[in-house]
Amino acid sequence: MKQRVAEILRETLNREVVLEKPRDRSFGHFATPIAFSLAKELRKSPMVIADELASSFSDSEVFSSVEAVKGYLNFRLSEDFLSEYASWAIDNSEDFAKKEANNQKILLEFVSANPTGPLHIGHARGAVYGDTLYRLAKHLGYDITAEYYVNDAGNQIDLLGLSIQLYARENILKEDVEYPESYYRGEYLEPLAQEAKEKFGEEIFKDESRQKELAMWAKDKVMELIKKDLAATNIFFDTFVNESSLYSEWDRVMQKMGDGVYEKDGKLFIASSQKGDDNDRVVVREDGRPTYLAGDIIYHNQKFERGYDHYINIWGADHHGYIARVKAAIEFLGYDSSKLEVLLSQMVSLLKDGEPYKMSKRAGNVILMSDIVEEIGADALRFIFASKKSDTALEFDLEEFKKEDSSNPIFYIQYAHARIQTLLAKSELDKETINATPLKNLSEDAAALLFEALLLPEVVDDAFHSRQVQKLPEYLRTLAASLHKFYYDVRIIGTKDEAKLLKLLLVVALSLKTGLALMGITAKDRMVKEQE
């Protein structure tokens, strides 16, 4: 709707126009302050300009009224326009809130957790944020690829091999083991150790020279576990890139870096301070081992060589200082670093009945994503993690999301959709009759509900382009509240307006279902404890 109004204004005024949604719906559906920006050019007051412009739209079938109010132009959409749009949406439900395909290719990298253990709730937040952004982009016609970068090179992988060896020696071979300061712990090591024993024999736990072999086998097993945890939350990736596969390109990439790298004190540095970083950073240590940054330099070179138009990385908030050095590397490699957009995801604090949630025995010292899915379900987890701006702290209590009342937002929204399906099932009217009924002569509340339900395309567009996916669950919760109020205030079944009102509810259900799908959540047609 907003795009259609903007298009009319652009054609009439021959310029781009900012559109706003008035807080007070009595002012209309949309408003623009265009008269204020024209005042200097036309040497007239905004009030005079707004009065003159209002008459320019008198012949438009899209508007029922265009009024000038204190320099603003307020637009009210016509019943015909809203009714036709609603009918189109119902008849073309798969295309609702979509846009035509465009040629922009986007590479979206997210999660990329080290394959050394199960995913924890910090990973889960970035996973849900990334997947929701991916779904929005797909719906809006972008050619987007979801990618997982597997950090399978470096100290963390060596440590995985050592940790399995130590666990097996203590728990399978029954030896006395002295643990180092750093090692991985948790019950997830037990099945890895048992399977390794069956595959390689017990000798692999005693032989330090086979630690790398054990680690590379184990990281593939952990990746299977990670993929399983993601799939349980309806998250899937198009491509996976292993860091270990990139180092054959090391010499060529370092040559591309040119003067961007230099040697000092036996180390290799990137001259990132030349590109805005606080200091130059070590790429290769004195002993020849590459740093974490080294892998990222090769990886981002490989990314840019694949020729996408835009690159989005979702990182944990603790990586904020890392952005400048990666962008510096991109510049030294000869690419435009402005094509890389880095979005940050804050950590999560979890409560249960107001008390800090206990760490998982299976992971050793973190709260597992799979534990939370098991406790409250994937739908609730996805809704929670998408419901607040990703770069702000998130705290929630698990018990709140087990309640079956309006305090639990996912239940509240699912119940709104199920409530509509129940009303449709109670009606004796067939679908054709309902769909063919025009949405005319609606009450003020019904017309407001219709407009709100048809706003989903604007919300989807805004949520993606602002990268603030929380705008979608906020909208769905507001729409569900409007639906519940309407349900209690207006009798539907058995009235003369039954067909018209059921068609209105079909539009509401479509927006709820589409919006939930874009969050990776399936709308329910019936709740387990549904009460009418």
Side-chain angles (χ1 to χ4, degrees), residues 110-111 113-114 116-132 184-191 222 225-235 314 316-318 344-416 418 469-470 472-474 476-477 480-481 516 519-524 527-531:
F110 60 106
V111 185
N114 291 341
T116 54
L119 296 178
H120 58 63
I121 59 167
H123 299 135
R125 189 173 191 189
V128 170
Y129 179 47
D131 187 64
T132 308
Y184 298 118
R185 66 205 76 189
E187 291 180 357
Y188 78 97
L189 293 172
E190 197 273 334
V222 173
L225 179 62
I226 287 172
K227 289 178 183 178
K228 183 181 176 183
D229 286 349
L230 290 168
T233 322
N234 208 9
I235 297 172
I314 297 176
D318 56 334
L344 299 176
S345 175
Q346 281 280 4
M347 287 295 288
V348 180
S349 298
L350 188 60
L351 304 174
K352 189 169 184 179
D353 287 325
E355 298 295 325
Y357 191 86
K358 290 181 180 178
M359 301 298 182
S360 170
K361 288 182 180 179
R362 286 192 290 137
N365 58 354
V366 295
I367 299 169
L368 290 185
M369 175 177 173
S370 56
D371 285 349
I372 307 308
V373 171
E374 189 177 315
E375 187 142 1
I376 62 173
D379 286 354
L381 179 136
R382 289 197 64 128
F383 191 91
I384 295 162
F385 285 9
S387 64
K388 195 166 185 180
K389 200 175 176 185
S390 70
D391 60 356
T392 58
L394 173 63
E395 180 180 272
F396 69 95
D397 194 315
L398 282 182
E399 295 306 309
E400 293 299 312
F401 288 84
K402 293 180 181 179
K403 294 178 180 177
E404 296 188 344
D405 57 35
S406 60
S407 68
N408 178 352
I410 187 61
F411 177 86
Y412 195 57
I413 295 166
Q414 294 277 29
Y415 189 34
V469 303
Q470 79 279 359
L472 181 55
E474 285 170 3
L476 293 175
R477 190 170 186 174
L516 287 171
M519 295 180 66
I521 300 170
T522 302
K524 293 184 179 179
M527 306 297 280
V528 176
K529 293 183 179 181
E530 187 176 344
Q531 297 174 350

Hey, mind stepping through E400 and K403 against salt bridge (Lys or Arg N to Asp or Glu O under 4.0 Å) and telling me if it holds?
CA-CA 6 Å; E400 293 299 312; K403 294 178 180 177; 3.1 Å; yes
Tell me, please, which residues at least two apart from R125 pass side chain to side chain donor-acceptor pair (under 3.5 Å).
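Side chain to side chain donor-acceptor pair (under 3.5 Å) list for R125, sorted by chain: empty.
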For K228, which residues count as a side chain to side chain donor-acceptor pair (under 3.5 Å) partner, sequence neighbours excluded?
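Checked K228 against side chain to side chain donor-acceptor pair (under 3.5 Å); zero matches.
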With heavy-atom distances below 4.5 Å as the criterion, would you say the side chains of [X] and [Y] are in contact?
X: I413; Y: R477; result: yes
X: I372; Y: Y357; result: yes
X: D318; Y: M347; result: no
X: L350; Y: F396; result: yes
X: L394; Y: I384; result: yes
X: I121; Y: F385; result: yes

Rounded to the nearest 0.5 Å, what separation is found between the [atom1] atom of [X] and the [atom2] atom of [Y]?
X: T233; Y: I521; atom1: OG1; atom2: CD1; answer: 11.0 Å
X: K352; Y: E375; atom1: NZ; atom2: CD; answer: 3.5 Å
X: M519; Y: D379; atom1: CE; atom2: CG; answer: 9.5 Å
X: Y188; Y: L225; atom1: OH; atom2: CG; answer: 9.5 Å
X: N234; Y: L381; atom1: CG; atom2: CG; answer: 12.0 Å
X: H120; Y: I367; atom1: NE2; atom2: CD1; answer: 10.0 Å

Under the side chain to side chain contact (heavy atoms under 4.5 Å, CB included) test, residues paired with [X] that sit two or more places apart:
X: T116; result: N114, Q156, I157, L160, Y184
X: A113; result: V111, L119, H123, Y148
X: D353; result: E399

Might you work through the side-chain contact (heavy atoms from CB on, under 4.5 Å) test for L368 and V373, ending with a clear yes or no?
CA-CA 9 Å; L368 290 185; V373 171; over 6 Å; no
With ring centroids as reference points, do F383 and F411 lie under 6.0 angstrom apart?
no
Shortest non-hydrogen separation from [X] to [Y] and the atoms involved:
X: A386; Y: T132; answer: CB-OG1, 4.4 Å
X: S345; Y: G126; answer: OG-N, 3.6 Å
X: A378; Y: A232; answer: CB-O, 3.3 Å
X: A127; Y: L230; answer: CB-CD2, 4.0 Å
X: A523; Y: Q414; answer: CA-OE1, 3.4 Å

Of all pairs that satisfy side chain to side chain donor-acceptor pair (under 3.5 Å), the ones with a partner from residues 380-391, not counting sequence neighbours:
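Passing the test, one end in residues 380-391: D131-R382.
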So, applying side chain to side chain contact (heavy atoms under 4.5 Å, CB included) with P118, which one of V222, I226, D229 is it?
D229
